[in-house]
J.: 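Here you go, one structure.
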Amino acid sequence: MLRGGLAGYCCLAKNANIAKVMRDLGFLTEVGEDDPNAQFRSRAYYRAADTIASLPEDVADIYSKNGIKGLLEIPSVGKNIAAKIEEYIKTGKVRALEDMKAKLPVNIDELYGIEGVGPKTIKMLYDKLRVKNLADLERVAKEGKLRAVPGFTEKKEHDMLKRIEFFKRGKSRRIIGEIYPLIKQIEKSLSQLPGVKNAIAAGSVRRMKETIGDIDYLVTASDPEPVMEFFTKMPEVQEVVGKGPAKAFVRLASGIDADLLVVPEESWGSALQYFTGSKEHSVELRKMAISKGLRLNEWGVYRGERKVAGTTEEEVYQALGLQWIPPEMRENSGEIELARQSRVPKLVEYGTLKGDLQVHSENSDGTATIEEMARGAKAFGLDYVAITDHTKSLALAGGLDGQELLQQANKIRELNDRLEGFRVLASAEVNIMKDGSLDIADNVLDKLDLVGAAIHSHFNLPIEAQTERLVRAAKNSSVDILFHPTGRLINKRDGYPVNIERVIDVAKDTDTVLEIDAHYDRLDLRDEHVRMAIKKGVKLVIDSDAHHPIHYAFLTFGVAQARRGWATQQDILNTLPPERLLQALK
DNA sequence: GCCGTTTTCGGCCCGACTGTTTTCAGTCG
Ligand SMILES: Nc1nc2c(ncn2[C@H]2C[C@H](O)[C@@H](COP(=O)(O)OP(=O)(O)OP(=O)(O)O)O2)c(=O)[nH]1
Ligand SMILES: [Mg+2]
Ligand SMILES: [Mg+2]
Ligand SMILES: [Zn+2]
């Protein structure tokens, strides 16, 4: 067997790279062939790409453990695709793809990234003008050569230049927390319009993804026209991209796109299902509908011409023989099968957290006193917080030494005497050193109510060393919780390399709790790690990482992340009252 | 190319918006 695993194989066979190969195959199959079946073969590659991109396990690992047979167990991967994956893992290339690329040598990501430019356009542009990339396209548009291409006009040529500019500004997906206030503000304006019954941000916002590509508003109203009027003329709108009787598309001044769908009340459920997605989840539902002799779209569930459901989402799912599924689970990653068996887990609810176990004060890098943080938490509806200031080796953050931590613990006890119906726990965010040891002595940590530990330095150790560093911290009997275990900052830096599966296993063996840091820049653990952890029976906590009382609002995003990882209330220890929480820790 | 509680062959989600389409193709949600 392939012991020694990947040693001899190409280092680039990461899931993301394999998915990219599949997408390129999908694109070139669609473009390059006249075969009427080409679009379906193309879609097969795209489906495989999506599956692989969101697979928690490494495809290269699967291959090294179980070979082709292992690959075939991946949904949407059959003999042909498995062989191509094998070839890519072994050689770093896929011959068939190289051949296709030679025939249409274009930068797919660049050209496809431009709105309104799809496969047909890219092929046409290459055939007529030898356009290979963005720079070529910009040049021919500026030179006025584009208008000569069939299907193009002077106006389209002009639009193209605008779209190229927009693409070049390169707006990545937005972090949900950063635009949440804007999302909610527009949602409220829409809901207050006369004649509007419901207004909600659907799409990836309703699924509470950590980043969102655009904002998708669904509104029910008997007369869509005034809603469309308002939406396209809001002060936030920079440009109207499209507008029809049911849908409108705008670009907001903040650089993000917003879509609007307006439907009558009797289509609320089906439209909400459609517009919440995910696409993959919806396609699966629509296939189920077909197999039951039904048709599902945003307007309802139909048997022939007759509408049989659509007023509520529950009704839509029921018509398909399914239990209702929480939006956060709708990613086509096993939730539909559970719903068919009426086994959808009861996810941890928003607003059920009783405490927050990562809270900073001005004594390290926070901006409020311990008492202000405590009163803020109480006002937010919490019953307890752990004050987790940084420790001495994190000098930049004003970390405390052992002596100072003990003094702080004493002050916290005095404060608790003054606080009614609220408890502050003495704790710390202890810095994990390069070798996995802690920068505070055990005899100090023993006097705290609980201890969190985290990595804040040496991010570029090799994966084995980084993993062992966290493992050593988890094995330390003083450490109750590992904070932000992967260290990632969304859209800023990847986490340090770490074998999260091993960390999860060790957490299980040592009764160490893992954190979901709810700060919207972190959301760490991320959704799929949450799912892995709870599957193994590891307990989690959801913390705000607050540095000011207003930051308790971040907890919502942490709960969302837990729900996206299918966590129930039993999995989340800070849904417990403080005494029971402390008993549950090691 | 993938896949099978009606199929190992014959299907593959389905509709809105744009443009110049005169009855639909391309792109996107
Ligand atoms: N049935 C069907 N629904 C789709 C398709 N594409 C998009 N949708 C639905 C599901 C999506 O969640 C919803 C909004 O589309 P978006 O492109 O905005 O995707 P979404 O919001 O999920 O992700 P995003 O963060 O915006 O990239 O529209 C499709 O091809 N078929
Ligand atoms: Mg969206
Ligand atoms: Mg959208
Ligand atoms: Zn930290």
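Sequence lines set the chain letters: A, B, ... in the order given, protein chains first and strands last, and positions in each chain run from 1.
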J.: Between the side chains of E298(A) and S267(A), is a donor N or O closer than 3.5 angstrom to an acceptor N or O?
T.: no

J.: Grab the CZ-P distance between F152(A) and dT18(B) for me, whole Å please.
T.: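 It is 17 Å, rounded to the nearest whole Å.
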
J.: Given the P atoms of dT27(B) and dC12(B), what is the spacing between them in whole Å?
T.: 22 Å

J.: Nearest of dA16(B), dG1(B), dC14(B) to any side-chain atom of K247(A)?
T.: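 For the K247(A) side chain, the nearest candidate turns out to be dA16(B).
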
J.: Using purine N1 to pyrimidine N3 plus N6-O4 or O6-N4 for Watson-Crick, or N1-O2 and O6-N3 for G-U wobble, both under 3.5 Å, which nucleotide pairs with dT8(B)?
T.: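 Result: none.
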
J.: Does K156(A) count as lying over the ring of F152(A), i.e. NZ or CZ under 6.0 Å from the six-ring centre, within 45 degrees of the axis?
T.: yes

J.: When the distance from CG of D214(A) to P of dT27(B) is rounded to whole Å, what number comes out?
T.: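 Distance check: D214(A) CG to dT27(B) P gives 20 Å.
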
J.: NA contact type, Y45(A), heavy-atom cut-off 4.0 Å: base, sugar-phosphate, or nothing?
T.: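 Sugar-phosphate, no base atom in range.
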
J.: Using a heavy-atom cut-off of under 4.0 Å over every strand shown, decide if S42(A) touches base, sugar-phosphate, or nothing.
T.: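 It contacts nothing in the nucleic acid.
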
J.: Given 3.5 Å as the limit, does a donor-acceptor pair link the side chain of N66(A) with the main chain of K69(A), or not?
T.: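 No, because the side chain of N66(A) does not come within donor-acceptor range (under 3.5 Å) of the backbone of K69(A).
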
J.: Under 30°, 30 to 60°, or over 60°: which ring-plane class applies to Y317(A) and H281(A), parallel, tilted or perpendicular?
T.: tilted

J.: Identify which nucleotide among dT27(B), dC12(B), dG29(B) has an atom closest to any side-chain atom of K120(A), counting heavy atoms from C-beta outward.
T.: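 The closest nucleotide is dT27(B).
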
J.: Does the ring of Y126(A) carry R130(A) above it, NZ/CZ under 6.0 angstrom from centre and within 45° of its axis?
T.: yes

J.: Could you check whether I122(A) gets within reach of a base, just the sugar-phosphate, or nothing at all, counting any heavy atom under 4.0 Å?
T.: nothing

J.: Nearest whole Å is fine: how far is dC2(B) P from L72(A) CG?
T.: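 Taking atom P of dC2(B) as the reference, CG of L72(A) is at 9 Å.
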
J.: Sticking with atom C1', work out how far dT5(B) lies from dG1(B), rounded to a whole angstrom.
T.: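 24 Å, rounded to whole Å.
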
J.: Mind checking the P distance from dT8(B) to dG4(B)? Whole angstroms is fine.
T.: 13 Å

J.: Rounding to an integer number of Å, can you tell me how far M288(A) CE sits from dC12(B) P?
T.: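 Rounding to the nearest Å, CE of M288(A) and P of dC12(B) are 17 Å apart.
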
J.: Quiz question: going by heavy-atom distance under 3.5 Å, is there a donor-acceptor pair between the base of dC17(B) and the side chain of D259(A)?
T.: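 No, the side chain and the base share no sub-3.5 Å donor-acceptor pair.
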
J.: Measure the distance from CD on E115(A) to P on dT27(B) and round it to the nearest whole Å.
T.: 13 Å

J.: Establish, from distance only, whether the side-chain atoms of S333(A) and R531(A) form a donor-acceptor pair under 3.5 Å.
T.: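 There is such a pair between these side chains.
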
J.: Using the C1' atom as the point on both nucleotides, what is the distance between dT22(B) and dT18(B), in whole Å?
T.: 15 Å

J.: Measure from the side chain of F249(A), starting at C-beta and using heavy atoms only, and say which of dC17(B), dC13(B), dC12(B) lies closest.
T.: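 The listed nucleotide nearest to F249(A)'s side chain is dC17(B).
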
J.: Judged by each residue's nearest nucleotide on DNA chain B, which is more toward the 5′ side, R340(A) or K287(A)?
T.: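 The residue closer to the strand's 5' end, by nearest nucleotide, is R340(A).
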
J.: Considering only dC2(B), dA16(B), dC12(B), which nucleotide approaches the side chain of F40(A) most closely?
T.: dC12(B)

J.: With heavy atoms under 4.0 Å as the rule, sort L261(A) into base, sugar-phosphate or nothing.
T.: nothing

J.: What is the nucleic acid contact for L285(A), judged by heavy atoms within less than 4.0 Å: base, sugar-phosphate only, or nothing?
T.: nothing

J.: Rounding to the closest angstrom, what is the interatomic distance between dT20(B) and dA25(B) at atom C1'?
T.: 12 Å

J.: Does dA16(B) have OP1 or OP2 under 4.0 Å away from a side-chain N or O of W299(A)?
T.: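 For W299(A), the contact criterion (side-chain N or O under 4.0 Å from OP1 or OP2 of dA16(B)) is met.
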
J.: Check the distance between dC17(B)'s C1' and K156(A)'s NZ and give it to me in whole angstrom.
T.: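 So the NZ-C1' distance, K156(A) to dC17(B), works out to 13 Å.
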
J.: Can you identify which nucleotide, out of dG19(B), dG29(B), dC2(B), has its nearest atom closest to the D216(A) side chain?
T.: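 For the D216(A) side chain, the nearest candidate turns out to be dG29(B).
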
J.: Can you figure out which of dG29(B), dC2(B), dC17(B) approaches the side chain of A246(A) most closely?
T.: dC17(B)

J.: Starting at NZ of K243(A) and ending at C1' of dC17(B), how long is that distance when rounded to a whole Å?
T.: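 My rounded result for the distance is 12 Å.
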
J.: Provide the distance between the two P atoms, one in dG15(B) and one in dG10(B), to the nearest whole Å.
T.: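 To the nearest whole Å, 25 Å.
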
J.: Here's a test of your reading of the structure: between K79(A) and R43(A), which maps to the more 5' nucleotide of DNA chain B?
T.: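 Comparing both residues, the 5'-ward one is K79(A).
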
J.: Just N and O in the side chain of T121(A): are any of them under 4.0 Å from OP1 or OP2 of dT27(B)?
T.: yes

J.: What integer number of Å spans the C1' atoms of dA16(B) and dG11(B)?
T.: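 Going atom to atom, C1' in each nucleotide, I get 25 Å.
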
J.: Given dG15(B), is OP1 or OP2 found less than 4.0 Å from the side-chain N or O atoms of R295(A)?
T.: yes

J.: Whole Å only: how far is the CD atom of Q39(A) from the P atom of dG26(B)?
T.: 11 Å

J.: Check for me whether R23(A) meets the cation-pi criterion with Y45(A), that is, NZ or CZ under 6.0 Å from the six-membered ring centre and within 45 degrees of the ring axis.
T.: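 So R23(A) doesn't make the cation-pi contact.
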
